[in-house]
Amino acid sequence: MTKIPVSFYQNDDVELIAKSLLGSFLYSRVDNIITGGIITETEAYKGVEDKASHSYGGKRTSRTEIMYGLGGISYVYLCYGVHYLLNVVTSGKNIPHAVLIRGIFATDGINKMLERTDKITHNYKLTNGPGKLTKALGLNKLHNGIQFDGDVVWIEDRGLTIEGEDIIIGPRIGVDYAEEDAQLPYRYELKYNNYIKKTP
DNA sequence: TCAGCGATTAACT
DNA sequence: GTTAATCGCTGAA
C-alpha cells in the first residue's frame, strides 16, 4: 500500500484525476481509529469554467478560497445544512479544480463506522453517498484544508487500476441549477459497484 | 445582522 | 423514478 503523494493531485487534468481515484482507498484517522474503504464513485468539478462549481467565474469567498490553493488538500463544506461533503482540491495554485468523493465501499474500521452512522449491518449502503461517507469517516468542517499526505486523511494506491469499460461515465448528480453544464459527463463510477449493489 | 439556499438523504411509488 | 424534510452557513448589506 502506497500513500498517493500530493504531487499527484497537482495535475491540471481534473477529469483524469477523478477517474484515477476510482479503485484507490480513502482513509481517515479520527479519534485515533483508522476507517476507510475503496473509492467507488467520484465527480470532477472544473473550476472557473464549470457552472456547477463553487468557484465558477472565478468566484472567491472565504469558503471557496481553499480551492485556489495548490492541489492535494481537502475541501470540506456543509451542504443542505446537514451533510459534510469531501473534495480533493487538484491542479496548481489559482486553478480551483476539485474532485468530489461521492462513494466508497467500507473495508477498514467497520465497527467504528457503524457506530458513527447508527447502523447495524455493513453493506454498500453504509458509505454510498457523499454525505454518508463523511459521517462514517468522522469528517467535518474541522477537516477542511488538510493535506492529503498526512496521517488524518489520505488516499492509498493499492495497485488496482480501473480504466476503460470498468468506469461508468455519466452526468453529475444534484447540479440541475448548472444549466447546460449539468449534463457534462463528469461523474465516474466503478462498474463493479453495480454488482455490489445487488448483494444485500 | 439575517434572509435565502443547497455538490443530500430517506422514504416513498 | 419521485418528492418532502431540514437547518447551519454563506455572503451581501
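These values consider heavy atoms only, across backbone and side chains, with no hydrogens, waters or symmetry-generated copies. Each chain gets a letter, A, B and so on, in the order the sequences are listed, and its residues count up from 1.
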- Item | Test: Arg172(A) cationic atom under 6.0 Å from Tyr45(A) six-membered ring centre, within 45° of axis | yes
- Query: Contact class for Leu100(A) vs. all strands (heavy atom < 4.0 Å): base, sugar-phosphate, or nothing?
  - Reply: base
- Task: Indicate, with a heavy-atom threshold strictly under 4.0 Å, whether Arg172(A) touches base, sugar-phosphate, or nothing.
- Result: nothing
- dG11(C), dA7(B), dC9(C): which one has an atom nearest the side-chain heavy atoms of Arg102(A)? dA7(B)
- Query: dC9(C), dG11(C), dA7(B): which one has an atom nearest the side-chain heavy atoms of Tyr45(A)?
  - Reply: dA7(B)
To the nearest angstrom, how far is [X] atom [atom1] from [N] atom [atom2]?
X: Glu65(A); N: dG11(C); atom1: CD; atom2: P; answer: 11 Å
X: Asp118(A); N: dT9(B); atom1: CG; atom2: C1'; answer: 15 Å
X: His83(A); N: dT9(B); atom1: NE2; atom2: P; answer: 6 Å
X: Asp176(A); N: dC5(B); atom1: CG; atom2: P; answer: 16 Å

- Query: Under 3.5 Å, is there a donor-acceptor pair between the side chain of Arg29(A) and the main chain of Val152(A)?
  - Reply: no
- Does Thr42(A) reach the main-chain N or O of Ile101(A) with its side chain, forming a donor-acceptor pair under 3.5 Å? no
- Salt-bridge criterion met for Arg63(A) and Glu65(A) (N-O under 4.0 Å): no
- Message: Whether the side chain of His54(A) and the base of dA7(B) hold a donor-acceptor pair under 3.5 Å is what I'd like checked.
- Response: yes
- Message: Measuring to OP1 and OP2 of dA7(B), would you say a side-chain N or O of Tyr75(A) lies under 4.0 angstrom away?
- Response: no
- Pair pattern of DNA chain B in dot-bracket, where unpaired bases get dots and | marks partners in another strand, Watson-Crick or G-U under 3.5 angstrom: ||||||.|||||.
- Message: Please report whether the ring centroid of Phe105(A) lies less than 6.0 Å from that of His122(A).
- Response: yes
- Query: For the residue pair Tyr84(A) and His143(A), is the inter-centroid distance of their aromatic rings smaller than 6.0 Å?
  - Reply: no
